[in-house]
Amino acid sequence: MSQRAAILKTVALRKVYRTGSLDVPALQGIDIEIKEGEFVSIMGPSGCGKTTLLQILGGLSRPTSGHVFVDGVDLADVSDAERTRLRCKKIGFVFQRFNLLTTLTVHANIEIARQIYGGPLISHDEVGDLLEIVRLRHKLDYKPLELSVGEQQRVAIARALVNNPAIILADEPTGNLDSHNSEQVLRVLSDLNREKKQTIVMITHNPAAAEKSNRVIEMLDGQVLSHGTVAELVEPEQAHSQAR
Amino acid sequence: MANLPLANIFNRKTRTTVGILAVALGVALLLVLVGLANGSLEETAERIMNVGADVLFQPPDSSPFLALSAGVLSERLGERLLDVPGVALVAPILIGSLTKVKGQSKVVMMFGVDEASYNEVGVGLEILEGRGLERPLDLVVDTVLAAADNIVLGEKMTIMNREFEVSGICRAGAGVRVFMAISDMQGATAQIGKASFFFIKAAEGVSVDDVSASLKERFEGYKITALARFSEVMRENALGLKEFIRALSIFAALISYLVILLAMYTTIIERTREIGILKALGASKTYIIRLVMVESFFICVMGVVVGFLFSFLGRWGIITFFPTLSVDLNPQWFAMSALLGISGGLLGALYPAYRAAKLDPVEALNFE
């Protein structure tokens with residue numbers, strides 16, 4: 001794994017939110033490197049800066065200082081428009097709250113993502129193939145609110161795949177799901193990582209979910225506490241009880 | 001691109017309906033009010049042209065708005081007009097106004113005519129019921145006014161302190177709506193021997209231009225108008241009409257602008273999260289602006305179509321309930337009102353679109 005190139009890298013990354021006259025540090029000097037094809041989980045208590053880190057890695061937010069490299073491009077050096085283009089081409093997002101457009105069908109949700117990406121018009125069959133990955137081909141013409149939460153999350157994953165991104169950033173993708181649906185979503189993410197070699201960075205609170213990844217980055221108070229496998233970082237009893 | 005705006009339009013029915021109705025109101029207001037202004041003018045001009053004479057002879061500095069004419073010409077001037085080469089027939093007219101019908105205030109233009117010469121100079125009084133102006137204090141009204149105010153044959157009407165009797169109902173469409181003998185009007189208004197203007201018929205084989213030229217030569221300074229051009233002359237002299245129409249146009253565009261601004265601004269706030277999702281997917285500022293503009297364009301187009309329907313409905317209502325009024329729905333104004341409605345609406349959507357494009361994706365995604 002060490003011979004592979006770093007597809008995501010941060011150097012002395014800091015983010016400070018200003019609330020009124022108060023400066024709230026969210027990230028305090030993050031240095032991480034994620035190799036191409038890795039499946040990395042980010043864990044830590046609420047408010048430790050996991051989501052902020054993910055948003056900066058995905059170009060949704062700018063750091064206060066430091067550098068973020070996405071496939072060798074420093075996001076600090078590029079314009080908003082270029083950052084948007086890079087996000088479009090290289091990154092797919094999966095959110096805890098799915099963030100599907102509820103007025104559109106599953107098909108149209110995927111179609112609009114392709115429109116935004118700017119690729120060729122997506123055919124009905126292609127949409128079907130993407131939904132096949134998440135085993136939802138038969139739900140093509142449903143609206144998101146007609147689906148179960150697990151199905152909605154799987155549609156969100158299919159949508160994230162529309163531009164065949166090198167990186168998938170998932171912010172607590174199983175946070176709103178029961179164990180059965182969580183298992184299905186994690187299986188899809190694992191398959192994508194294994195079969196399509198897509199780099200996956202997933203935020204999770206759940207050690208059982210983190211077990212699917214190759215590596216865990218543990219955060220606390222806006223800093224990286226430790227790196228390692230889930231087995232190294234989490235007590236086996238805790239992992240077992242949370243998985244239940 | 002069209003998917004999401006259309007889905008939003010159909011999923012936010014109340015907002016869409018209010019937007020459409022507001023644009024429609026602006027468009028219909030413009031069409032009906034301009035139509036009413038132009039229609040009344042055109043209808044009046046058309047009725048004068050339908051008299052069937054060739055030339056209108058008025059005193060110097062007269063207005064083509066005949067109601068403003070005073071009885072300053074001598075009725076005997078007609079004899080001198082007949083001496084002009086090419087003039088075949090002359091009919092003197094004295095203008096008056098009826099200010100009350102059945103106790104209700106109303107302004108209706110009246111012609112005091114010499115029935116014989118008036119009938120000769122053009123189509124004349126085409127009596128459909130009763131008789132013409134045979135006896136003193138006889139009054140002829142046209143079918144439109146008779147129907148609008150339930151005026152029947154034999155009905156007594158007090159005009160200028162004299163009691164007239166409705167002796168006949170004539171076909172509407174030529175001249176004015178009320179006719180009396182010129183001598184009765186002269187007597188009632190103390191303008192004995194006076195006329196406001198003359199209708200002139202050119203002799204057979206003589207062109208109207210030649211007669212007009214001869215009249216201008218003989219009666220320098222008098223206002224001589226070929227009746228074929230009367231509508232055009234009226235429009236040219238309608239002081240303030242252009243300004244009125246301009247003000248209406250601005251008003252209609254302003255309504256569209258403000259309503260769409262408000263509707264789209266509310267929509268943007270309502271859909272902050274949705275915009276955040278699109279931005280997270282990689283949507284550029286241009287994409288977001290286009291999305292908002294396309295949605296507002298659809299609303300404006302539907303508003304314009306509904307506005308057209310409203311204007312037809314408005315015209316029907318006006319003509320039905322106020323038969324003496326006329327609404328001219330001109331194709332040129334349909335195009336103009338559509339342009340104003342759509343451009344006003346698009347302009348109104350610009351600021352909300354800009355605001356949407358500027359939204360921070362992270363803040364937008366966290367919006368509840």
Side-chain angles (χ1 to χ4, degrees), chain A residues 15 17 26 51-56 58-63 79-105 107-119 121-122 143-145 156 159-163 165 169-171, chain B residues 1-17 19 263-264 266-299 353-368:
Chain A
K15 177 76 180 180
Y17 288 113
T51 298
T52 303
L53 175 61
L54 202 76
Q55 285 164 348
I56 293 175
L60 283 178
S61 177
R62 276 186 183 279
S79 66
D80 277 354
E82 281 173 72
R83 206 151 46 101
T84 302
R85 261 198 301 279
L86 195 75
R87 186 162 71 239
C88 242
K89 290 214 168 88
K90 304 261 176 196
I91 297 166
F93 269 102
V94 180
F95 301 93
Q96 182 181 2
R97 288 167 62 185
F98 327 131
N99 284 339
L100 295 171
L101 299 167
T102 52
T103 53
L104 300 180
T105 60
H107 182 281
N109 262 282
I110 291 170
E111 196 178 40
I112 203 164
R114 172 61 72 88
Q115 264 180 17
I116 290 170
Y117 160 52
L121 282 179
I122 194 160
K143 286 199 171 169
L145 298 180
R159 181 183 62 183
L161 300 177
V162 79
N163 53 346
L169 302 177
D171 188 356
Chain B
M1 167 62 69
N3 255 351
L4 192 57
L6 281 179
N8 283 328
I9 282 170
F10 290 115
N11 279 285
R12 291 175 168 85
K13 292 188 180 74
T14 311
R15 192 274 330 235
T16 304
T17 310
M264 295 313 287
T266 317
T267 302
I268 297 310
I269 292 171
E270 211 180 275
R271 279 165 38 202
T272 301
R273 193 174 167 77
E274 181 183 299
I275 290 160
I277 297 170
L278 294 171
K279 289 199 141 193
L281 291 176
S284 63
K285 285 181 182 172
T286 322
Y287 185 90
I288 303 284
I289 288 175
R290 244 185 6 231
L291 211 61
V292 177
M293 298 303 280
V294 166
E295 189 171 328
S296 118
F297 177 75
F298 281 136
I299 292 175
Y354 171 75
R355 287 268 307 202
K358 288 265 288 182
L359 278 175
D360 180 84
V362 173
E363 281 176 27
L365 280 172
N366 290 331
F367 186 82
E368 294 295 340

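Just so we're on the same page: letters track the sequence lines, and every chain starts at 1.
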**Report entry** Interchain contact, B:Arg12 with chain A, by part (heavy-atom threshold 4.5 Å)
**Finding:** side chain

Query - Contact summary for B:Ala280 and A:Leu60, nearest pair of heavy atoms - result: CA-CD2, 3.6 Å

Report summary line: Interface check, chain A: of B:Asn8, B:Asp360, B:Val362, most non-hydrogen pairs under 4.5 Å belong to B:Val362

**Report entry** Heavy-atom pair of closest approach, residues B:Gly282 and A:Cys88
**Finding:** O-SG, 3.4 Å

**Report entry** Shortest non-hydrogen separation from A:Leu100 to B:Ile277 and the atoms involved
**Finding:** O-CD1, 4.0 Å

Requested in this report: Given side-chain contact (heavy atoms from CB on, under 4.5 Å), test B:Arg271 with A:Thr103 step by step and report yes or no.
Outcome: CA-CA 11 Å; B:Arg271 279 165 38 202; A:Thr103 53; over 6 Å; no

Report summary line: Value for NZ (B:Lys279) from CD1 (A:Ile116), rounded to nearest 0.5 Å, stands at 11.5 Å

Query raised in the report: At what distance, to the nearest 0.5 angstrom, does CZ of A:Arg87 lie from OG of B:Ser284?
Result: 10.5 Å

Query - Proximal component of A:Arg85, with respect to chain B [non-hydrogen, under 4.5 Å] - result: neither

Report task. Please round to the nearest 0.5 Å and tell me the distance separating atom CZ of A:Phe93 and atom CG of B:Leu365. Result -> 8.5 Å

Requested in this report: Please indicate whether B:Tyr354 has more than 12 foreign heavy atoms, meaning atoms of other residues, nucleotides or ligands, lying under 6.0 Å from its OH.
Outcome: no

Query raised in the report: Do other residues, nucleotides or ligands put more than 12 heavy atoms under 6.0 Å from B:Arg355 CZ?
Result: no

Report summary line: Of A:Thr84, A:Thr52, A:Asp80, A:Asn99, the largest count of non-hydrogen pairs under 4.5 angstrom with chain B goes to A:Asn99

Query raised in the report: Which atoms of A:Lys143 come close to chain B, meaning under 4.5 Å heavy atom to heavy atom: side chain ones, backbone ones, both, or neither?
Result: side chain

Query raised in the report: More than 12 heavy atoms of other residues, nucleotides or ligands under 6.0 Å from CG of A:Leu121: is that the case?
Result: no

Report task. Mind checking the CG-CG spacing from B:Leu4 to A:Asn109? Nearest 0.5 Å is all I need. Result -> 9.0 Å

Query raised in the report: Using non-hydrogen atoms only, which part of B:Leu281 is less than 4.5 Å away from chain A: side chain, backbone, both, or neither?
Result: both

**Report entry** NZ (A:Lys90) with more than 12 external heavy atoms under 6.0 Å
**Finding:** no

